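Below: one structure, written as structure tokens.
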Amino acid sequence: MLTDIGNKCAELSSEFGPNLHYPVDGNFTVWDAKQTEVESACRVEPSNAQDVSKVLSILVDHWCRFAVKGGGHARNPDDSVSVGGVTIDLHLMKTIQVAPDQKTVNLGSGHVLYTMYHGLEAFNLTTIGGRVADVGLGGYALGGGVSNLSPKYGLAVDNIFEYEVCVE
């Protein structure tokens, strides 16, 4: 399996070039000490949904171990850092596209709550969000997303209109 993961890292490297890192390369932050003690075979940084689809098509077809990192605020190895596999780090996916009527916003899954709030502030907007700045938006929303605004507006997950899914 390690040979296959090494081959997949090499394949990802040829596809993503400088956005593929081996354990000693690049700046990488996670919240929990247990995750800092483990190492992925490599880490890839997709910049859009099509890139994520490419990464997954390379890995899933060969049953390679992987983990997806949004903010890195998870508690266990393999939650945000793949133990010996490939870590898919979404931090480059930080788009903010506000609809003309300012009623909906397209947010990239690489945001942590701080960058989301900061980006929305430029439009005098906010959303259902938590209080811990470095929590990833994807994990927060998929986990329900309790907010001080939840009694009035529901959970974060209740306020998601759609997800972008790409198939390679």
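Every value quoted in this text rests on a predicted model; they were computed, and no experiment measured them. The first residue in the sequence is number 1, and the count goes up from there.
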Distance-only check: which donor-acceptor pairs under 3.5 Å involve side-chain atoms of residues 154-162, not counting sequence neighbours?
unit_1, atom_1, unit_2, atom_2, d
D158, OD2, L155, N, 2.9
N159, ND2, Y153, O, 3.0
N159, ND2, L155, O, 2.8

List for me each residue that meets salt bridge (charged side-chain N to carboxylate O under 4.0 Å, His left out) alongside D78, sequence neighbours excluded, and say none if there are none. R65
side-chain hydrogen bond (donor to acceptor under 3.5 Å, both in side chains) contacts in which one or both residues fall within residues 107-119, not counting sequence neighbours: H111-T115
Holding to side-chain hydrogen bond (donor to acceptor under 3.5 Å, both in side chains), I want the full list of residues that pass it with S47, two or more places apart in sequence or in another chain. D51
S40: side-chain hydrogen bond (donor to acceptor under 3.5 Å, both in side chains) partners, not counting sequence neighbours: T87
Residue list, side-chain contact (heavy atoms from CB on, under 4.5 Å) with V38, at least two apart or on another chain: P77, V81, V83
Using side-chain hydrogen bond (donor to acceptor under 3.5 Å, both in side chains) as the criterion, list what pairs up with Q97, not counting sequence neighbours. N106
Identify all side-chain donor-acceptor contacts of residues 130-144 below 3.5 Å with residues at least two apart in sequence or on another chain.
unit_1, atom_1, unit_2, atom_2, d
D134, OD1, H73, ND1, 3.4
Y140, OH, G130, N, 3.3
Y140, OH, G145, O, 3.4
Y140, OH, V146, O, 2.8

Could I get the full list of ring pair (Phe, Tyr, Trp, His ring centres under 6.0 Å) partners for F123, not counting sequence neighbours? none
Just jot down the salt bridge (charged side-chain N to carboxylate O under 4.0 Å, His left out) partners of E164, sequence neighbours excluded, or say none. none
For S82, all residues meeting side-chain hydrogen bond (donor to acceptor under 3.5 Å, both in side chains), sequence neighbours excluded: none
List the residues meeting side-chain contact (heavy atoms from CB on, under 4.5 Å) with A122, not counting sequence neighbours, and say none if there are none. none
